[in-house]
Amino acid sequence: MNYWLVKSEPDVWSWSDQCKAKGRTTAWEGVRNAQACNNMKLMRKGDRAFFYHSNKDRQIVGVVEVVKEAYPDPTDETGRFVMVDLRALEALKAPVTLAEIKAAPRLSEMALVRQSRLSVMPIDPSAWKTIMKMAEMK
DNA sequence: GCCAACGTTGGC
DNA sequence: GCCAACGTTGGC
């Protein structure tokens with residue numbers, strides 16, 4: 001299984017919106033960045049991703065699961081970009097803030113820190129474990 | 001194919 | 001609200 005992180009502005013689409021969605025599942029539409037889309041194309045059914053609130057909140061708040069692999073985003077007129085379907089699995093007991101991640105030496109190489117504008121990125125398994133521990137998750 | 005101008009994201 | 005980083009567009 002691979003691990004990922006997806007970003008959303010909480011004012012636009014928040015974790016609670018995700019949980020209220022039918023089947024707790026939504027199409028992750030609207031990504032208009034080639035690198036982010038390439039990452040979505042690499043997602044496989046059953047992969048896990050952190051759900052991160054950008055801007056105001058700046059913390060990881062939940063875990064989602066990939067339930068449908070990349071397919072064309074109908075909201076994209078150019079036909080270049082894809083989306084996946086994501087389902088809310090569970091909220092983090094203790095959300096992990098960007099500040100905490102930056103303060104953790106082991107996490108300093110994360111794309112979240114290094115490439116702040118990227119909205120869909122891979123997370124390596126050791127970083128996933130570290131963050132889950134920080135979030136007080138089993 | 002280069003690069004200047006411009007737009008967007010997201011942290012601060 | 002500002003601005004750094006960086007992606008995209010379009011003229012040449």
At under 4.0 Å between heavy atoms, which parts of nucleotides 6-12 of chain B does protein reach? Answer with one letter per nucleotide, 5' to 3': B base, S sugar-phosphate only, - none. -BBBBSB
Does A:M110 belong to the same Ile/Leu/Val/Met/Phe/Trp/Tyr cluster as A:Y52, with side-chain heavy atoms less than 4.5 Å apart forming each link? yes
So if I apply the side-chain contact (heavy atoms from CB on, under 4.5 Å) rule between A:V6 and each of A:V120, A:V66, A:V31, which one comes out positive? A:V120
A:V96 and side-chain contact (heavy atoms from CB on, under 4.5 Å): which single residue from A:L107, A:T130, A:I131 fits? A:I131
Return all side-chain donor-acceptor pairs below 3.5 angstrom for residues 44-51 of chain A, not counting sequence neighbours, or 'none' if the list is empty.
| residue | atom | partner | partner atom | Å |
| --- | --- | --- | --- | --- |
| A:R44 | NH1 | A:K41 | O | 3.0 |
| A:D47 | OD1 | A:N2 | N | 3.0 |
| A:D47 | OD2 | A:W4 | NE1 | 3.1 |
| A:D47 | OD2 | A:R44 | N | 2.9 |

Please give me the minimum heavy-atom distance between A:A88 and A:V64, naming the atom from each residue. CA-CG1, 3.9 Å
